[in-house]
Amino acid sequence: MAQISNATKTTDFISKRVNYPKVLPAKSTAPVNKTTVQYPPLSEPFGPILEKSGELKEPVRSMSTLPSGLRIVTEDCLDPLSSVGFCVHVGKQNEDPSNYGVTSVITNCLFSGVGKSGLPLQVEAREIGATAGAINDSGLLYFGIECSRNHVPEAMELLSNALCKFTITEEMLENEVHGFQDEIEETYEYKEELINYALLPKVAYGDTPSGSSILDYEFSVPKLSPQDVINFKNKFIVPSKSVLTGVNVSSDEMKTLAEKYFSKFVGDEPPPSDPIKYIGGQHFLQSEDGLQAAFSLSFRAEGWLDKFGGINWKKTMAFSVLERLLGGGDSFQSGGPGSGSISRLFVEIIHRDMKVSSCSSSSAPAGFENMVLSITGLCEHGHLENFYKTVLGVYSSILEDIQRNPAKIEQELHRARLQTLSALFNDLTHPLERREDISRQILVYNRYFDAPTIREIMASLTIYDIKELVLELISSKPSIIAVAKQNDLESLPGVESAEEYFKTLHYYHSEK
């Protein structure tokens with residue numbers, strides 16, 4: 001284990017003198033070697049608990065740019081738990097049929113390399129009591145490390161090794177193939193996951209990179225070589241498409257460490273990816289397995305940015321609120337009203353139809369300009385056509401209530417706004433979530449919307465903002481997916497019928 005000084009270290013953070021005592025190392029006579037990780041015995045005192053300074057009232061934020069174009073962002077609340085990491089604008093939109101899944105491979109292997117001690121990077125992170133992880137979602141790659149504040153320098157060095165010394169072997173690629181195969185088998189066991197994560201991208205975006213899913217990776221990833229992965233990484237993971245963010249790190253320390261460890265992180269501006277175009281359509285998959293049929297209805301609206309590249313923050317908030325307003329869940333839902341059982345999908349579908357076991361809403365961004373809202377659920381075989389008609393009627397009931405019963409929808413909107421804010425701010429209490437949120441906003445908007453701004457935007461939402469969003473959603477071509485027995489599928493109207501229904505609904509309510 002790395003030796004840690006017993007002395008108290010004094011570090012200057014944002015012109016405040018804050019003492020962070022070091023934790024005593026474990027006392028052990030066992031020989032130390034590079035393949036054995038040693039931890040303090042449980043009987044050893046943990047040491048003094050670091051306390052948050054009461055002097056800082058508001059987070060201190062800063063942003064600077066290295067000569068390479070890498071943006072460095074910090075937010076410091078003087079908390080003892082820090083989070084440092086990257087957010088990179090790279091994902092499926094940069095892939096092609098020859099390398100579908102390569103972003104996921106890079107994500108899974110970023111911290112699988114060997115560190116300076118000869119141990120895997122994940123083990124080196126644990127040596128300093130840190131956790132390292134990576135995820136790719138919505139065309140963005142996040143990877144970072146959570147650690148105590150006095151171990152930020154070591155964490156930054158680990159990040160540098162993961163990014164600048166990235167390696168991958170044939171064995172690692174083979175493990176990825178097996179991993180995707182196992183994940184595909186699990187996906188087919190859960191029809192709702194099969195619809196939302198495997199089938200919906202293809203229906204919504206067709207035969208484009210954004211339409212690829214894990215079902216494609218089984219065939220494309222085995223054809224990748226280690227050099228293919230490294231070439232993709234070097235081409236698309238570049239400073240101009242990246243943000244390096246530190247939460248509970250001083251701006252001076254973060255910039256000094258970034259200059260030390262990422263001066264060799266360079267790369268040319270990658271070629272632009274093709275615009276992501278929503279298509280819509282239908283996919284009916286025959287399945288004789290299980291006791292239930294699955295159905296999903298999805299629509300597209302503008303995402304984080306509008307078609308002109310303008311900031312779409314209010315619509316983004318309206319999207320989140322509408323998703324909460326719809327809500328949903330399982331027919332066996334514990335927890336009462338707080339668990340969502342008074343949301344619209346519960347009240348209009350699950351509570352009224354004993355043959356429906358689940359029905360819930362979800363959203364999925366694609367790039368910066370697209371957002372898809374889905375209603376997905378399970379029902380008994382032989383009941384799919386009725387479930388289909390009920391789900392289609394949800395959007396009609398919202399528009400009818402806005403027109404005829406505004407007091408009811410106002411109450412639902414108020415509750416959904418509070419639920420959205422509560423969930424958002426609860427997530428942002430953790431440094432990792434704050435880091436990812438700050439990074440994403442800097443990449444998308446080149447600015448950060450703080451809590452007071454979010455509250456202000458949320459408070460300004462009205463039922464007519466929800467109406468405008470619903471009308472935009474139903475004006476797009478529906479994406480309809482069903483997984484059921486053949487008799488059920490034959491009873492379902494096609495996507496053309498649903499499209500005609502929503503065109504009429506849009507015309508009627510857009511005139512009101």
Do [X] and [Y] have side-chain atoms, one donor and one acceptor, less than 3.5 Å apart?
{"X": "Q227", "Y": "N231", "result": "yes"}
{"X": "S83", "Y": "R435", "result": "yes"}
{"X": "R149", "Y": "N248", "result": "no"}
{"X": "S479", "Y": "Y278", "result": "yes"}
{"X": "N136", "Y": "T103", "result": "no"}
{"X": "S62", "Y": "T74", "result": "yes"}
{"X": "N161", "Y": "E157", "result": "no"}
{"X": "T245", "Y": "S439", "result": "yes"}
{"X": "N150", "Y": "S148", "result": "yes"}
{"X": "T376", "Y": "E192", "result": "no"}
{"X": "E154", "Y": "H151", "result": "yes"}

Crowded around [X] [atom1]? As in, over 12 foreign heavy atoms under 6.0 Å?
{"X": "E171", "atom1": "CD", "answer": "no"}
{"X": "F425", "atom1": "CZ", "answer": "yes"}
{"X": "Y197", "atom1": "OH", "answer": "no"}
{"X": "K255", "atom1": "NZ", "answer": "no"}
{"X": "N426", "atom1": "CG", "answer": "yes"}

**Request:** Any chance you could lay out the side chain to side chain contact (heavy atoms under 4.5 Å, CB included) test for L199 and L194, step after step, and finish with the verdict?
**Result:** CA-CA 6 Å; L199 301 179; L194 174 64; 4.0 Å; yes

Would you find a donor on one side and an acceptor on the other, under 3.5 Å apart, between the side chain of [X] and the backbone of [Y]?
{"X": "S220", "Y": "D216", "value": "yes"}
{"X": "S298", "Y": "S374", "value": "no"}
{"X": "S361", "Y": "I375", "value": "no"}
{"X": "K191", "Y": "A484", "value": "no"}
{"X": "K92", "Y": "P209", "value": "no"}
{"X": "S212", "Y": "Y100", "value": "no"}
{"X": "N99", "Y": "D228", "value": "no"}
{"X": "T187", "Y": "E183", "value": "yes"}
{"X": "D96", "Y": "S98", "value": "yes"}
{"X": "E75", "Y": "P59", "value": "no"}

Which atom names give the shortest non-hydrogen contact between [X] and [Y], and what distance separates them?
{"X": "S363", "Y": "E323", "value": "OG-OE1, 2.8 Å"}
{"X": "S210", "Y": "P201", "value": "O-CB, 3.8 Å"}
{"X": "R324", "Y": "A423", "value": "NH2-CB, 3.0 Å"}
{"X": "I195", "Y": "S296", "value": "CG2-CB, 3.4 Å"}
{"X": "F265", "Y": "V238", "value": "CZ-C, 3.6 Å"}
{"X": "S112", "Y": "N108", "value": "OG-O, 3.5 Å"}

**Prompt:** Given Y205 and Q93, is the side chain to side chain contact (heavy atoms under 4.5 Å, CB included) satisfied, shown in steps?
**Reply:** CA-CA 11 Å; Y205 302 105; Q93 70 274 10; over 6 Å; no

**Message:** Walk me through whether F284 and I480 qualify under side chain to side chain contact (heavy atoms under 4.5 Å, CB included).
**Reply:** CA-CA 8 Å; F284 294 170; I480 295 178; 3.9 Å; yes

Measuring from atom [atom1] of [X] to atom [atom2] of [Y], what distance do you get when rounded to the nearest 0.5 angstrom?
{"X": "L110", "Y": "F143", "atom1": "CG", "atom2": "CZ", "result": "5.5 Å"}
{"X": "I145", "Y": "I128", "atom1": "CD1", "atom2": "CD1", "result": "6.5 Å"}
{"X": "I276", "Y": "T208", "atom1": "CD1", "atom2": "OG1", "result": "7.5 Å"}
{"X": "I237", "Y": "C164", "atom1": "CD1", "atom2": "SG", "result": "11.0 Å"}
{"X": "S68", "Y": "E259", "atom1": "OG", "atom2": "CD", "result": "10.0 Å"}
{"X": "T107", "Y": "L141", "atom1": "OG1", "atom2": "CG", "result": "4.5 Å"}

So do the side chains of [X] and [Y] get within less than 4.5 Å of each other, counting heavy atoms only?
{"X": "K307", "Y": "E369", "result": "no"}
{"X": "Y217", "Y": "I184", "result": "no"}
{"X": "F262", "Y": "L257", "result": "no"}
{"X": "I311", "Y": "T316", "result": "no"}
{"X": "V105", "Y": "F180", "result": "yes"}
{"X": "L305", "Y": "Y445", "result": "yes"}
{"X": "F166", "Y": "N234", "result": "no"}
{"X": "D437", "Y": "Y448", "result": "yes"}

**Carboxylate-amine/guanidinium contact D207 K202, below 4.0 Å** = yes

**Message:** Can you tell me which residue among I72, L70, V73 is in a side chain to side chain contact (heavy atoms under 4.5 Å, CB included) with S64?
**Reply:**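 Only one of I72, L70, V73 forms a side chain to side chain contact (heavy atoms under 4.5 Å, CB included) with S64, namely I72.
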
**Request:** Show the numbers, then the answer: is there a side chain to side chain contact (heavy atoms under 4.5 Å, CB included) between T167 and M172?
**Result:** CA-CA 10 Å; T167 58; M172 292 165 69; 5.6 Å; no

